[in-house]
Each structure stands twice: as C-alpha cells, then as structure tokens.
There are 2 protein chains.
Amino acid sequence: MYEEKVGEEGLQDFYQEKDKMYVATDCIIFGFDSGNLKLLIFKRRVEPFKGEWSLIGSFVKLQEDVSGAAKRVLEEITGLKNVFMEELKSYGNANRDPGYRCVSIGQYALIRLSEYDKELVEEHGAVWHDIDELPKLVLDHDQMVQDALEKLKAKARFQPIGFELLPEKFTIPQLQSLYEAIYQKELDTRNFRKKVLSNNVLIKLDEKDKSSSKRGAFLYKFDHDSYKNLTKRGYDFEIS
Amino acid sequence: MYEEKVGEEGLQDFYQEKDKMYVATDCIIFGFDSGNLKLLIFKRRVEPFKGEWSLIGSFVKLQEDVSGAAKRVLEEITGLKNVFMEELKSYGNANRDPGYRCVSIGQYALIRLSEYDKELVEEHGAVWHDIDELPKLVLDHDQMVQDALEKLKAKARFQPIGFELLPEKFTIPQLQSLYEAIYQKELDTRNFRKKVLSNNVLIKLDEKDKSSSKRGAFLYKFDHDSYKNLTKRGYDFEIS
DNA sequence: CCAAAAGTGTTACACGTACACCCATGA
DNA sequence: TCATGGGTGTACGTGTAACACTTTTGG
C-alpha cells in the first residue's frame, strides 16, 4: 500500500529528503486490588536494556494504527480485548532512546484484576507492582507512569472510568477504597456514599459481598445505559 | 549520533526488522480578536494537496524533539518564540495520509494577535480565519481543530491560559468577551467580574482603554508571580 | 458478647446564579 | 443631552464539608 506510491511524481520529491523514524507505543497498565493501585511491568529478557524493568510496549507497524498497536500489545500480554485504553501523550525527545530515534505514544489502560489471563502474564515475565513501590524503569518510562497517574486522578473525578478497575459487581466501600487510592487521601464515608449515589448511575443488587465483613455489603453495578442517557441531557458525573 | 550505533551487536538485531515512518507535527494556532476566536491556516502551494487549506506543520527531523519541531514551525511562520504551546494528541491511523505512512502529533498554540509578524505570515500564504467559518482542511486536520477547541474549552476553565490570547494589558470586558467566545455562551457581567477578581491574579492598572467606549475601561495585567505562589499553596484557579 | 465493617442525617457555610440600575464620557 | 459601554450589590438556593452513632453478624 505504501510502497507502490514511490513512483508518483511530486510526492517523491516531497517526501524524499524527510527523515523516517521508529514509532512505538508503551502501555501504562493499571489494576486495583486490596486497597492498592497496581502497575503491570516486566523485566526485559533481550537487548537493549536486558534485565531492566520496563513498561510493556511495541513498535508500531506500517500497516497498523497506533491505537491498534497498543491493543495488540495489551491482548498479547493479558489476553484481554475491549479494555479501557486512552492516549496519554507522546514522548518525542530526540535523545529519549540512546539506541535509535524513536517516538513513543504512551497509552494508559485500566484492567480488572479478576479477569486477565494470569498464565499469559507470567509467560511474558510481567508482574503487578504496587504503584508506590515501583522499581526504576528504563528510558522515560518513570515519567510516563507519573503522567498517567496524574491523568487518572484528574479524569476519574469527572468521568466514570474508575469502574473499569473494579469487578462488574462491587460494593460502595470498595469503590471508596479505589477513589482513596487514586486521590491519595481519605474520604468521608457518608459524603462519599451520598455523592456517588446522587449520580444515579449505580444499580443496587440483591446480593451481598461478605468477603470483608461479617455483616456484608450490598453489591452494585454501574448502569452504562443510564449514564449514556444522562450525559446526553448534559448531566455531569462527579466523584470527589 | 544515530548512525554510529548501527554497528553495535544486539541492537542491530533488535531494530533491523522494525518499520520506520514519518513523524510530523501540525499546529493548531489560535488567536482572538474583536470577539472572535481565529485560526491560522494556509493554502498549500506544493504537492501533495496543492491549493487546499491546511494546518501549518512539518516533518520532525531526526535531530530535533517533536516539541522543537512545532516551535520551529511556529517561529518560521509567526516570528514568535516563547508562545504557549501544548500537545493535543497524536494522530496515528495507518491510513490517515494516503501518500505515505505518517504519524502526526497535534500541538495547539495560543497567540496574541497584537504581536505576531504580519509580513512573515503573508509570505507563507497563511491567513487568520474565524473559527466558525473555516474551509475544509486537508487530511484529518478538521478533526484536529475540533479536538483542540474542546481541549481549549476544558482547559481555559481551570488554568489561566486564556490570557495568552489577549494583549499583556487587557480590560475585563475584553476578557469576558474572550471567555464567551471559548465557551460559546454569554456570561453575566457582574458574576464574571466577581469570579475573575476573586482569583487574585489580576493587577489593576491606572490606565484606561478607550478604544471601545467613551468612558473607557480599566486595564489589567495577569500577575504571574502571584499565580505561582497561590498554586503552590494548592489554590484552584477557575473561570466559569 | 464483642470486634469490625456497613450504613445512615443534620447542620453550617461557601459558592454559584439570577437579577437591574447608576456612572462616565465624547460626540 | 443622549447614546454607549463600564461598573456595582443583594438575595436565594444549591452543593459541599464536617461530624457520631446504630446495625449486623460471625466467631
């Protein structure tokens, strides 16, 4: 598809002295479990940077979209499709990779720890690390993680993306614990509950989760349809 | 710097079958004048897309940062350095450019219409267009403009970037008119004034601007120092 | 019966929003 | 003197933030 254009008049002139470079994508993959935000990283088994910790990424191929490359990587390592993933920003400093010139598009993803393929992850040497106990990562990957955390913090407040980190069915205390991990501060139980429920996008189920208390807490589901309808009418979700 | 690495062991293996592609940057350049947001675009004089309207952009060179390329382009066409510019997002679909595979990083810039180099702009065939009377642009540039507008709208509310579009000295009515253009809705004079001044980041000057009324309106300056101090202490700017 | 987490209401205050009139000036 | 845009204050309702006790149940 691209090669055949080489012969065209004009185009060839235009492009011929331009520089080509590698384009990569790196995934900042978040999970949440027992009160902690987690990040999926792996120890590189080949050069360059063999033995060092790194985000999971890939070069973008000529025939694939940048976002497609990120989805491919994510599926290869977790077995998951249709995961929440969004562009973070690009990393394009000329000297960011001492090997070759490479521009990387950072993408952050939110994963349910209950759903991914554990064997696949292990095969790739990938490990979930608590977000506040990360080792040094290669290149500018530390910066990417920092940037992704800030974006998550800012975005989770006004858009219901936090639910992507919880199981389909979750309790209000779990949800609160998640937001406390994202915001890095404690929240008032009563106000949190009030605020969350006032958004009218949670469906209360008849089941209870007894895994963390004797009394048990009611399970809820996020109501995607209701959320869509409400946003159409110019409603604003918020959890603070 | 990059060529010399070709000979290294391992690295060569690693990179050799990867695809290289063009990386470009396109600038969404905003201005503001007499109540209207404006965009700087130009009519292409060479193939490809000769004669069509386009954002101003450039391929990124091997030795320059992506942000450096955007700055270079902006200076080449407006003569301005140190302009507010920020990454919008990347545009990386495999088929976005029918000529060759090219990933573009969109960057939006905010310019003071009082300061740029008019001759330089003319030389390049660039023209300021009202944002709501734009012609069709090449490739996915229409989408870029849409995205940039949304980002501007979202960002101007919580960060004092609007001032980048006004002269150093401006009046409150001018500022209000700017925000009305960004938000696409009318604002209440009294509430706007109250809100803006309550942020404590405007310095009232002793001069008046009489260009738009007989009585004249007091001029203000944005107080960068005060803003920095306040943000350090966890203060939140907001104009709504 | 006790420990541990779930669940519930009220009050004070700040903030956003709606709203109408006088002021200053040049022509 | 009048037309034009600049500048000001108040009242009301909404939303936020602070705060403590009762309920449930398994061990």
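Lettering follows sequence order; numbering is per chain, from 1.
B/Gln176 places its CD atom 14 Å from the P atom of D/dG5, with the value rounded to the nearest Å. Summarising the geometry, the separation between CZ on B/Arg157 and P on C/dC15 is reported as 15 Å, rounded to the nearest angstrom. Straight-line distance from the CZ atom of B/Arg193 to the C1' atom of C/dG16: 18 Å, rounded to whole Å. Atom OH of A/Tyr235 and atom C1' of D/dG15 are 15 Å apart (whole Å). Rounded to whole angstrom, the span from the CG atom of B/Asp188 across to the C1' atom of D/dG9 amounts to 12 Å. In this structure, the CG atom of B/Leu197 is 12 Å from the P atom of D/dG9, given to the nearest Å. The separation between A/Lys208 atom NZ and C/dA5 atom P is 15 Å, rounded to whole Å. One atom, CD of A/Glu238, and another, P of D/dT14, lie 18 Å apart when rounded to the nearest Å.
Position along DNA chain D of the nearest nucleotide to A/Arg215 versus A/Thr189 favours A/Thr189 as the more 5'-ward residue.
The A/Ala217 side chain lies nearest to C/dA6 when the options are C/dA20, C/dA27, C/dA6. With D/dG5, D/dG27, C/dG16 as the choices, the nucleotide that has an atom nearest any side-chain atom of B/Lys195 turns out to be C/dG16. For B/Lys210, whose side chain is taken as the heavy atoms from C-beta onward, the closest listed nucleotide among D/dG6, C/dG26, C/dA20 is C/dG26. Out of D/dG7, C/dT17, C/dG7, the shortest distance to the side chain of B/Asn191 is found at C/dT17. Closest to the B/Ser212 side chain, of the nucleotides D/dG5, D/dC19, C/dA20, is D/dG5.
One N or O on the side chain of A/Glu180 and one on the backbone of A/Leu187 form a donor-acceptor pair closer than 3.5 Å.
Heavy atoms from other residues, nucleotides or ligands lying under 6.0 Å from NZ of B/Lys169 number 12 at most. Counting non-hydrogen atoms of neighbouring residues, nucleotides and ligands closer than 6.0 angstrom, the NZ atom of B/Lys136 exceeds 12 such neighbours.
In this view, A/Tyr183 and A/Tyr179 satisfy the ring-ring contact (aromatic ring centres under 6.0 Å, His included) rule, not counting sequence neighbours.
You'll find the side chain of B/Tyr108 reaches within 4.5 Å of the side chain of B/Glu86, heavy atoms only.
No hydrogens or angles were tested; on distance alone, a donor-acceptor pair under 3.5 Å links the side chain of A/Lys194 to the base of C/dT10.
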